[in-house]
Amino acid sequence: MSNIAIIPARGGSKRIPRKNIKDFLGKPIIAYSIEAALQSGLFDEVMVSTEDEEIATIAEKYGAKVPFLRSEKNADDFSGTVDVLLEVCSEYDKRGKSFDNLCCIYPTAPLLRSESLIESHNLLISKSYDTVFPVCQFSFPILRALQIDENKKVSMIWPENMAKRSQDLPSAFHDAGQFYWAQMNIFKQNKKLYSDNSGVIILEELEVQDIDNVSDWKVSEFKFQLLHKDIGVK
């Protein structure tokens, strides 16, 4: 069973300039994704897909491979993750290298643990899922969500849930935004990272943080420091 980790790391970023290699508590943030992949021991190859020479150099310094640079058509603001992955797969096919499974790992996921990669890989194999990815439960019942209009008047999106106890409402989860496992042949055929035959592992809220702005970055650093104390998640 052969696996490849693909870390898509574009050079451009509007909200946080040079986001994918910005210093995160002493190391370029992409280093954490590379190290988690290597520490898992799951991958025949850990590669970074980038069009940026500086990112390529840093990625190789931390143990990833950059056997080719990404095309310009998949290096702008409109480039989708699936398109980038398909480009990588196509290039490896041309080079005569094949893998049974791929794992797309995002470059700004410093809270990612190698144990999560291992757990999700085991689920992918044991249950024959098309894809597997981590999720996190919403900290507040999403079915009691509010909406606010331009006059700051509030209303419930689902008013029928107003009288229901929070604990009686269905639990809701969101994508943790760290990685996606996929069976290679099925991914090439379906061109999706989610299907009706997807499975998930559940992470704690402390292990998850989307990073879209400076505030998110600071929260992620705080969570990282908590996780690496004795009282943190092991």
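The cationic group of K192 does not satisfy the cation-pi geometry with F187, failing either the under 6.0 Å distance to the six-membered ring centre or the 45° limit from the ring axis.
Note on D83 versus K191: no salt bridge recorded, every NZ/NE/NH1/NH2 to OD/OE distance being 4.0 Å or above. A salt bridge between E45 and K97 is present, with a side-chain N of the basic residue lying under 4.0 Å from a carboxylate O of the acidic one. A salt bridge does not link E51 to R10: none of the charged nitrogens lies less than 4.0 Å from a carboxylate oxygen. A salt bridge does not link K223 with E205: every distance from a Lys NZ or Arg NE/NH1/NH2 to an Asp or Glu carboxylate oxygen is 4.0 Å or more.
Enclosure of atom CG in N151 by more than 12 non-hydrogen atoms of other residues, nucleotides or ligands within 6.0 angstrom is indicated. Heavy-atom contacts from other residues, nucleotides or ligands closer than 6.0 Å to CZ of F78 number 12 or fewer. Under a cut-off of 6.0 angstrom, the local environment of CD in E72 is sparse, with at most 12 non-hydrogen atoms contributed by other residues, nucleotides or ligands. Within 6.0 Å of the CZ atom in F173, the count of heavy atoms belonging to other residues, nucleotides or ligands exceeds 12.
One side chain, S71 or E87, offers a donor N or O that lies under 3.5 Å from an acceptor on the other. With hydrogens and angles left out, the side-chain atoms of S2 and D44 include no donor and acceptor closer than 3.5 Å. Side chain to side chain, D76 and S79 meet the donor-acceptor criterion of an N or O pair below 3.5 Å. A donor-acceptor pair shorter than 3.5 Å can be found between the side chains of Y180 and D175.
By the 4.5 Å heavy-atom criterion applied to side chains, N101 and M184 are not counted as neighbours. You'll find the side chain of I105 stays beyond 4.5 Å of the side chain of I6, heavy atoms only. Between L123 and W181 there is no side-chain heavy-atom pair separated by less than 4.5 Å. Q209 places a side-chain heavy atom less than 4.5 Å from the side chain of D216. Counting heavy atoms from C-beta on, the side chains of K65 and V46 never come closer than 4.5 Å. In this structure, S166 and P141 have side chains that are in contact, with non-hydrogen atoms separated by less than 4.5 Å. Residues N197 and S128 are not in side-chain contact: their nearest non-hydrogen atoms beyond the backbone lie 4.5 Å or more apart. In this structure, S33 and Y106 have side chains that are not in contact, with every pair of non-hydrogen atoms separated by 4.5 Å or more.
Distance check: L112 CG to L203 CG gives 9.0 Å after rounding to the nearest 0.5 Å. If you take NZ on K164 and CG on N161, they are separated by 4.5 Å, rounding to the nearest 0.5 Å. Here CD1 of I21 is found 11.0 Å from OH of Y62. Values are rounded to the nearest 0.5 Å. Here CG of L85 is found 10.0 Å from CG of N74. Values are rounded to the nearest 0.5 Å. In this structure, CD on Q189 lies 9.5 Å from CG on D130, to the nearest 0.5 angstrom. How far CD1 of I34 is from CE of M47: 11.0 Å, rounded to the nearest 0.5 Å.
Between Y92 and F68, the ring center distance clears the sub-6.0 Å criterion. Note: F224 and F24 meet the aromatic proximity criterion, with ring centroids under 6.0 Å apart.
Looking at Q183, its side chain does come within 3.5 Å of a backbone N or O of Y129 through a donor-acceptor pair. With hydrogens and angles ignored, the 3.5 Å screen pairs a side-chain donor or acceptor of E207 with a backbone N or O of E204. Side-chain atoms of S198 never come within 3.5 Å of backbone atoms of Y194 as a donor-acceptor pair (strictly under, hydrogens ignored). S90 contributes no side-chain N or O that, together with a main-chain N or O of L86, makes up a donor-acceptor pair within less than 3.5 Å. Listed for the K19 side chain is a donor-acceptor partner under 3.5 Å among the backbone atoms of I211. With hydrogens and angles disregarded, no donor-acceptor distance shorter than 3.5 Å links the side chain of R70 to the backbone of V84. Not a single donor-acceptor pair under 3.5 Å links the side chain of N3 to the backbone N or O of L102. The closest donor-acceptor contact from the side chain of T50 to the backbone of I55 lies at 3.5 Å or more, if one exists at all.
Nearest heavy atom pair, residue L227 against residue L206, reads CD1-O, 3.6 Å. Of all heavy-atom pairs spanning P110 and Y32, the tightest one is CA-CB, 3.7 Å. Nearest heavy atoms, W217 versus D23: CZ2-O, 3.4 Å. V48 and A64 make their closest contact through CG2-CB, 3.8 Å (heavy atoms, listed as atom of the first residue, atom of the second, distance). The two residues T131 and S195 have their closest heavy-atom pair at OG1-N, 4.4 Å. Taking each heavy atom of F179 and S120 in turn, the nearest pair found is CE1-OG, 3.1 Å.
Grouping the Ile, Leu, Val, Met, Phe, Trp and Tyr side chains by contacts below 4.5 angstrom, directly or via other members, places L38 with I7. Taken together through direct or relayed side-chain contacts under 4.5 Å among Ile, Leu, Val, Met, Phe, Trp and Tyr, M162 and W158 form parts of separate hydrophobic clusters. By the rule that hydrophobic residues join a cluster once side-chain heavy atoms approach within less than 4.5 Å of another member, I30 and L25 end up as members of separate clusters. By the criterion of side-chain heavy atoms lying less than 4.5 angstrom apart, applied directly or through intervening Ile, Leu, Val, Met, Phe, Trp or Tyr residues, I4 is not grouped with M1; the two fall into different hydrophobic clusters. There is a path of hydrophobic side-chain contacts, each under 4.5 Å, that joins V132 to F43.
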- Item | side-chain contact (heavy atoms from CB on, under 4.5 Å) between L146 and I157, intermediate numbers included | CA-CA 6 Å; L146 305 175; I157 298 177; over 6 Å; no
- With side-chain contact (heavy atoms from CB on, under 4.5 Å) as the test, would you mind laying out the steps for Q137 and H174 before giving the verdict? CA-CA 6 Å; Q137 185 173 348; H174 62 85; over 6 Å; no
- Task: Might you work through the side-chain contact (heavy atoms from CB on, under 4.5 Å) test for K218 and V214, ending with a clear yes or no?
- Result: CA-CA 6 Å; K218 292 178 180 178; V214 174; 3.9 Å; yes
- Under the side-chain contact (heavy atoms from CB on, under 4.5 Å) criterion, do L69 and E53 qualify, and how do the steps go? CA-CA 8 Å; L69 292 179; E53 293 281 1; 3.4 Å; yes
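Screening R113, K61, K27 for a salt bridge (charged side-chain N to carboxylate O under 4.0 Å, His left out) involving E35 leaves a single residue, K27.
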